[in-house]
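Reading through the C-alpha cells given below for one structure.
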Amino acid sequence: MNPPNRLSPGLQLTRPKPRASQSARPASHIMKILLSCLLFFNLLCFLLFALDKRKARRNQRRIAEKTLHLATLPGAAPGAWAAVLLLHHKNRKATFWSVTLMLTLLQGAVIYFTWPYLQARF
C-alpha cells in the first residue's frame, strides 16, 4: 500500500507556466526601483557638490571631501563627474580626481561582474 502523499507513477504534478506579462512585471518593477534609486543618488551627489561649490564661493565652512566621496560611492559617479565638469568644482585637485576616478572604476567593475547575474534575473 502506497502512502497517501505519494503519487502513482503515471501522475505528475506540473506547475502552470506563468504568462509573459506575469513574469516580466515583478522584474520590471524591481528594475524601475533600482533605476529610481540610482537617479536619486546621482541627483543627491550633484546637489551636494553644488552646495559645496556655493559654500566655497561664500567663504563658508565646506563639506569634507570624504563626505563627497562617500556620496559618490553608491553608484553616483555620473552625478559626481557631472558636478565636477559642469560646475568646475574640485577640477584642479589631482587627489580628488584620482579618488573619484578610482570610485568610478570600482563602480564599473561591480557593474561588469554583476551584469550577467542581472541579465539572468531580469
Side-chain angles (χ1 to χ4, degrees):
M1 185 150 110
N2 288 340
N5 61 354
R6 288 198 175 178
L7 297 174
S8 61
L11 294 175
Q12 294 181 355
L13 289 178
T14 59
R15 290 184 180 174
K17 294 182 181 178
R19 288 186 243 154
S21 62
Q22 287 178 338
S23 63
R25 187 172 293 158
S28 66
H29 182 67
I30 292 171
M31 189 59 90
K32 285 180 185 176
I33 291 172
L34 180 64
L35 291 175
S36 297
C37 288
L38 283 174
L39 179 66
F40 172 75
F41 284 125
N42 277 283
L43 184 63
L44 183 69
C45 185
F46 184 87
L47 291 175
L48 200 60
F49 274 70
L51 178 64
D52 188 48
K53 177 74 173 185
R54 182 178 182 193
K55 287 184 172 200
R57 285 184 176 167
R58 294 181 175 191
N59 292 325
Q60 294 177 342
R61 186 170 178 184
R62 307 275 303 275
I63 297 172
E65 286 186 1
K66 185 187 292 187
T67 304
L68 295 174
H69 288 309
L70 286 173
T72 305
L73 196 57
W81 284 111
V84 167
L85 297 173
L86 294 174
L87 302 174
H88 304 285
H89 188 54
K90 302 279 188 186
N91 57 354
R92 294 185 199 155
K93 297 190 105 185
T95 55
F96 189 85
W97 273 67
S98 61
V99 172
T100 305
L101 180 62
M102 294 305 290
L103 289 172
T104 304
L105 293 174
L106 175 69
Q107 290 173 25
V110 167
I111 289 171
Y112 178 78
F113 288 111
T114 59
W115 188 254
Y117 299 107
L118 290 174
Q119 282 183 330
R121 170 96 175 151
F122 301 108

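We use all heavy atoms of the structure for the numbers below, so side chains are in, but hydrogens, waters and symmetry mates are not. In what follows, residues are counted from 1 in the order of the sequence shown. Only a predicted model underlies this, so the values are computations on that prediction, with no experimental measurement involved.
- The minimum heavy-atom distance between Gln107 and Ala77, with the atom names listed, is OE1-CB, 3.2 Å.
- Pairs passing the ring-ring contact (aromatic ring centres under 6.0 Å, His included) check and including a residue from residues 52-72, sequence neighbours excluded, read His69-Phe96.
- With rounding to the nearest 0.5 Å, the separation of NZ in Lys32 from CG in Leu35 is 10.5 Å.
- The salt bridge (Lys or Arg N to Asp or Glu O under 4.0 Å) contacts involving residues 68-83 comprise nothing, where partners must be two or more places apart or lie in separate chains.
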Acceptor/donor pairs from residues 38-46 side chains to any protein atom, 3.5 angstrom cut, sequence neighbours excluded:
residue: Asn42; atom: OD1; partner: Gly79; partner atom: N; Å: 2.7
residue: Asn42; atom: ND2; partner: Leu38; partner atom: O; Å: 2.7
residue: Asn42; atom: ND2; partner: Gly75; partner atom: O; Å: 3.3

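- Among residues at least two apart or in separate chains, salt bridge (Lys or Arg N to Asp or Glu O under 4.0 Å) pairs with a member in residues 82-109 are Glu65-Lys90, Glu65-Lys93.
- Leu86 and Leu48 are not part of a single hydrophobic cluster, where members link through side-chain heavy atoms under 4.5 Å apart.
- To the nearest 0.5 Å, the span separating CG on Leu87 from CG on Leu51 amounts to 11.5 Å.
- Residue pairs meeting the salt bridge (Lys or Arg N to Asp or Glu O under 4.0 Å) criterion with at least one member in residues 45-55, sequence neighbours excluded, are Asp52-Arg62.
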Evaluate the side-chain contact (heavy atoms from CB on, under 4.5 Å) criterion for residues Thr95 and Val99: first the C-alpha distance (whole Å), next the side-chain angles of each, then the deciding distance (0.1 Å), finally the verdict.
CA-CA 6 Å; Thr95 55; Val99 172; 5.6 Å; no
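- Scored by the side chain to side chain donor-acceptor pair (under 3.5 Å) test, Thr104 finds Trp81 as partners (sequence neighbours excluded).
- Side-chain contact between Phe49 and Thr72 is present, with at least one heavy-atom pair separated by less than 4.5 Å.
- Hydrophobic cluster membership is shared by Leu85 and Leu105, with clusters built from Ile, Leu, Val, Met, Phe, Trp and Tyr side chains linked at under 4.5 angstrom.
- Within the 4.5 Å cutoff, the side chain of Val84 has no heavy atoms near those of the Thr100 side chain.
- Looking at Leu68 and Ile63, their side chains come closer than 4.5 Å, going by heavy atoms from C-beta outward.
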